[in-house]
Every structure is written in structure tokens, then in C-alpha cells.
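Sharing a structure with you now.
As the structure lists them, so they are numbered: ligands from 1, and atoms in each ligand from 1. Counting from 1, the numbers follow the sequence of the chain as shown.
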Amino acid sequence: MAENPTVKLGVLISGTGTNLQAIIDAIVRGDLKAEIRLVISNRADAQGLDRARRHGIETMVIDHRKFASREDFDRAIVAALLARSVELVALAGFMRLLSPVMLEAFPGRIMNIHNSLLPSFPGIHGPKDAIEYGVKLAGCTVFFVTAGVDVGPVIVQAAVPVLPGDDEPRLAARILLQEHRIFPHAIALFQQGRLEIQGRRVIIKGDSPTPNSSPLVNPPVD
Ligand code: GRF
């Protein structure tokens, strides 16, 4: 059977970029057949830019404050991505909402990572909201971006127990380790042509019928 071609990625960041690093590491290890064509940050001081540069990946700063509207900002991003033939966009800690300009340019081809088990606790305080609510399982979600905040079809999730004494930084750090596993995995599924969006659901073609054989179920408790 012919292998699927390498997927051309664009990664959008705003900060630390540890998820970007996880994607880079998966590519270097050979677990993910992808090429990062461009990393865009809306902030010039994003640490993730250095991570990309260290690996010889092209970077670009597109400062949202320099644009009159969200749409104009997105148009600049879309132009940069299309000029590099990007096929899939990964939002890796990108802290801006997307307008229809981006969504229409990459329909079903924008993934985001969020640090809660969606649809619980959308927004920017997932781990804190999980602790305050008192849930026993928190986690993270990779989903296809649609209009609205953290509401798109779910691709992969990993659960993380909330432990006695957890505060936001401690739980967020434990969740982040799982983010680093599932984001490259979700991109690999896309590259392998195994994701099919059916309404709200994402069908993973060829997925094992026995859940316990999946590395993403019952992640190790640290
Ligand atoms: C992650 O916790 C992610 O869930 C959220 O922003 C954080 C990004 O971290 N959307 P990093 O920049 O990848 O280190």
C-alpha cells in the first residue's frame, strides 16, 4: 500500500511552545511524518519562536495589534500559510480567536489543543475550573477548530486524575505532559488519512476495537 505523503504543517503559537516542541520531537523521532513549514507567533517574545529557530524552522511574528480587525490579522496569517503550501494548521497555545477568514481558508484542517476534557471547562482556565468544580478526572483534548470557543469535533482526549492537594499549576503541568502525547498523535492520524469528520464526531479509521490496547486510554499516573 502506498504511504501517505508528509503533511505540511503550519504551527501558530503565542507563548512557551512546549506543544510545538512535542510536535518537533515527534518528527525528529520519526513518529510523525510531517514538515513544519512555518511557525507564526502573534507575540515577538514567545519562547516557542526560539524552539523553532533552534530546529531551523522558519518563523514569523504577526502582531495582532497592528491590524484594524481580526479578519485583517487572519488574512495576513492565511497568506503566509498558503504561500508555504501549508495543509494542516496546528494551534499550539495560540491565544487568539479565529475569524471565518481562517476557518474558510482551512476547513477541517485546523487543530487545537485544550487543557480540559471538553466539553467541560472551555476557556483559558481549564485546570483551575476542573479543581474548583471538584471533578476527579481532568485532561486534555485535541479538536478540529470551528466557529466558537473550544466547541469543535473532538479528535483525541487523554484523562488525568485530579489528586488530593492539586493546585492549578500542579494539575496543569500534569495535563501538559499528556498534551505532548496526544497532539502529535492526532496530527499523525491526520497525516495517515485516518480522520473523517461526521457532523460532531471524528471517526478514526482503523482504530482498535479494544480500548485497552490504545496508548491514549488510561495514561500512566505520575
Ligand atoms: C497548553 O496548556 C494548551 O492546552 C493551552 O495553552 C497551553 C500551551 O502551552 N491551549 P505551550 O505554549 O504549548 O507550552
Side-chain angles (χ1 to χ4, degrees), residues 9-28 31-32 34 36 38-55 57 59-64 77 88-98 102-103 110-133 135 137-162 166-188 216 219 222:
L9 278 183
V11 183
L12 273 51
I13 62 167
S14 298
T16 325
T18 63
N19 278 289
L20 165 65
Q21 188 69 56
I23 296 167
I24 293 172
D25 292 345
I27 294 171
V28 170
D31 290 344
L32 172 59
I36 303 177
L38 180 65
V39 170
I40 300 177
S41 173
N42 63 310
R43 298 179 52 115
D45 61 354
Q47 202 188 321
L49 289 169
D50 294 327
R51 296 177 187 275
R53 289 183 195 121
R54 272 202 293 276
H55 289 269
I57 298 166
T59 61
M60 191 180 275
V61 175
I62 303 182
D63 185 342
H64 60 280
I77 293 176
L88 178 69
V89 182
L91 308 185
F94 183 63
M95 302 306 282
R96 305 295 304 166
L97 293 179
L98 301 185
M102 263 296 278
L103 299 174
I110 306 175
M111 286 184 187
N112 195 3
I113 179 96
H114 179 67
N115 53 7
S116 80
L117 288 176
L118 292 172
S120 294
F121 315 123
I124 59 170
H125 294 295
K128 178 168 175 275
D129 293 344
I131 292 169
E132 282 174 6
Y133 194 92
V135 293
L137 277 178
C140 48
T141 305
V142 183
F143 61 99
F144 280 116
V145 178
T146 55
V149 178
D150 299 335
V151 292
V154 170
I155 306 166
V156 187
Q157 294 184 301
V160 174
V162 181
D166 265 352
D167 56 11
E168 184 183 10
R170 199 172 115 163
L171 179 59
R174 205 171 328 109
I175 293 172
L176 193 59
L177 294 177
Q178 298 306 321
E179 294 181 37
H180 297 164
R181 297 172 69 225
I182 68 171
F183 209 179
H185 179 70
I187 296 168
L216 299 170
D222 52 333

So which heavy atom in the protein is nearest atom 10 (N) of ligand 1, and how far is it from that ligand atom?
->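 I find the closest protein heavy atom is Ile113 O, 3.2 Å.
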Protein heavy atom at shortest distance from atom 14 (O) of ligand 1 |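 Protein heavy atom at minimum distance: Thr18 OG1, 2.6 Å.
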Would you say the side-chain atoms of Gln157 pair up with the backbone N or O of Leu118, donor to acceptor, closer than 3.5 Å?
->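 Pair found, side chain donor or acceptor close to backbone of Leu118.
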Show which atoms of ligand 1 fall inside a sub-4.0 Å distance from at least one heavy-atom site of Gly93.
-> 6 (O), 8 (C)
Is Arg174 reaching over with its side chain to a backbone N or O of Val162, donor-acceptor style, under 3.5 angstrom?
->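 No, Arg174 side chain to Val162 backbone: no donor-acceptor pair under 3.5 Å.
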For ligand 1, which atoms have a heavy atom of His114 less than 4.0 angstrom away?
->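 That gives atoms 4 (O) of ligand 1.
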With sequence neighbours left out, what residues match Ala22 under side chain to side chain contact (heavy atoms under 4.5 Å, CB included)?
-> His180, Pro184
Sub-3.5 Å donor-acceptor pair from the side chain of Asn19 to the main-chain atoms of Ala92, do we have one?
-> no
Starting from atom 12 (O) of ligand 1, which protein heavy atom do you reach first, and at what distance in Å?
->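 Ranking protein heavy atoms by distance from atom 12 (O) of ligand 1, first comes Gly17 N, 2.8 Å.
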So, Ser41 side chain and Ser14 main chain: donor-acceptor pair closer than 3.5 Å or not?
-> no
Distance from atom 2 (O) of ligand 1 to nearest protein heavy atom, with residue and atom | Glu179 OE2, 3.1 Å
Among protein heavy atoms, which lies nearest atom 9 (O) of ligand 1, and at what distance?
-> Asn19 ND2, 3.9 Å
Short side-chain to backbone donor-acceptor contact, Thr141 and Ser116, under 3.5 Å |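 Here the side-chain-to-backbone pair exists.
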